[in-house]
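Computed from a predicted structure; not experimentally measured.
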Amino acid sequence: MNSTQIIRSATVKWEGDVAHGRGAISTESGKVQADYSFGTRFSGDPGTNPEELLGASHAACFTMALSAVLTRAGHPPTSIDTKALVHLEKIGEGFEIPQIELSTTAVVPGISADEFAKFATDAKDNCPLSKALKAVPITLTAALA
């Protein structure tokens, strides 16, 4: 079996204690540079947080997978819009991600809503990030525009 391994990287530098410190996130490509802190994660302060970045990554991965599935089936999409909601919940003394909700709407000529739902479910189940996140229930709402 032939395989190609692609390795991507991101780095974080954190300074200070958890409540008052700050972190800086950067990606290998340089396209993502973001600050985060306790406040951006738990209090709505300006900045990003790990869950938001996870949601963006998952939505991007799923959307590309859906485009690929549709294209391979002879139904290349005109457009796909996806939103990911990543739930963060306090459980005991720590936090967990109990659920991720994906919601997608697409313009796909010549396909029925049932066919689209089947392709969207296939993409959700098989995109690399969904596979990596198998411990978290992932729901999907899929609709044609």
Side-chain angles (χ1 to χ4, degrees), residues 1 3-14 18-19 21-145:
M1 180 173 132
S3 70
T4 301
Q5 185 177 48
I6 300 169
I7 299 172
R8 303 291 186 213
S9 70
T11 59
V12 171
K13 179 176 178 80
W14 183 269
V18 70
R22 299 197 71 72
I25 300 165
S26 61
T27 58
E28 175 182 20
S29 67
K31 296 295 183 182
V32 176
Q33 304 281 327
D35 295 327
Y36 77 113
S37 68
F38 186 90
T40 65
R41 191 170 193 188
F42 298 109
S43 300
D45 291 355
T48 192
N49 56 70
E51 293 72 32
E52 183 178 71
L53 294 168
L54 177 63
S57 296
H58 197 187
C61 185
F62 163 79
T63 301
M64 286 183 78
L66 180 55
S67 179
V69 167
L70 289 166
T71 300
R72 279 194 301 272
H75 304 287
T78 302
S79 66
I80 304 171
D81 293 294
T82 302
K83 181 176 185 174
L85 299 177
V86 178
H87 297 249
L88 181 65
E89 185 176 328
K90 184 162 177 42
I91 306 288
E93 294 301 311
F95 288 85
E96 293 182 7
I97 295 173
Q99 180 181 10
I100 297 172
E101 297 175 67
L102 295 173
S103 177
T104 194
T105 304
V107 176
V108 186
I111 193 172
S112 72
D114 287 343
E115 288 175 300
F116 178 69
K118 178 183 148 295
F119 292 130
T121 298
D122 180 43
K124 176 190 72 83
D125 292 342
N126 293 298
C127 90
L129 278 173
S130 286
K131 288 180 178 181
L133 295 168
K134 287 262 188 226
V136 178
I138 302 167
T139 62
L140 170 67
T141 302
L144 290 171

Donor-acceptor under 3.5 Å ([X] side chain, [Y] main chain):
X     : Y     : value
Thr27 : Val32 : yes
Glu28 : Ser9  : yes
Ser67 : Thr63 : no
Thr40 : Ser37 : yes

Query raised in the report: Heavy-atom count around Lys31 NZ within 6.0 Å, excluding the residue itself: above 12?
Result: no
Could you pull out the closest heavy-atom pair between [X] and [Y], with the gap in Å?
X      : Y      : answer
Ala84  : Gly55  : CB-O, 3.4 Å
Ala123 : Ala65  : CB-C, 3.9 Å
Pro77  : Thr71  : CD-OG1, 3.7 Å
Pro109 : His75  : O-ND1, 4.0 Å
Ala135 : Pro137 : O-CD, 3.9 Å
Val107 : Ala145 : CG2-CB, 3.7 Å

Query raised in the report: Just by distance, with hydrogens left out, do Thr141 and Ser103 show a side-chain donor and acceptor under 3.5 Å apart?
Result: no
Between atom [atom1] of [X] and atom [atom2] of [Y], what is the distance when rounded to the nearest 0.5 Å?
X      : Y      : atom1 : atom2 : result
Lys124 : Thr139 : NZ    : OG1   : 8.0 Å
Ile25  : Trp14  : CD1   : CH2   : 9.5 Å
Glu96  : His87  : CD    : NE2   : 14.0 Å
Asp114 : Leu144 : CG    : CG    : 10.0 Å

Flag side-chain contact, heavy atom, 4.5 Å: [X] against [Y]:
X      : Y      : result
His58  : Ile138 : yes
Leu133 : Ile97  : no
Ser26  : Lys13  : no
Val86  : Glu52  : no
Phe38  : Asp45  : no
Leu53  : Tyr36  : no
Leu88  : Asn49  : no

Query raised in the report: Under the salt bridge (Lys or Arg N to Asp or Glu O under 4.0 Å) test, which residues partner Glu51, sequence neighbours left out?
Result: Arg41
Requested in this report: Could you please spell out the steps behind the side-chain contact (heavy atoms from CB on, under 4.5 Å) verdict for Phe116 and Thr105?
Outcome: CA-CA 10 Å; Phe116 178 69; Thr105 304; over 6 Å; no
Report summary line: Exactly one of Leu85, Leu129, Val136, Leu140 clears side chain to side chain contact (heavy atoms under 4.5 Å, CB included) with Ile100, and that residue is Val136
Report task. Could you give me the CA-CA distance, side-chain angles and deciding distance for Ile111 and Phe119, then say whether side-chain contact (heavy atoms from CB on, under 4.5 Å) is met? Result -> CA-CA 10 Å; Ile111 193 172; Phe119 292 130; 3.5 Å; yes
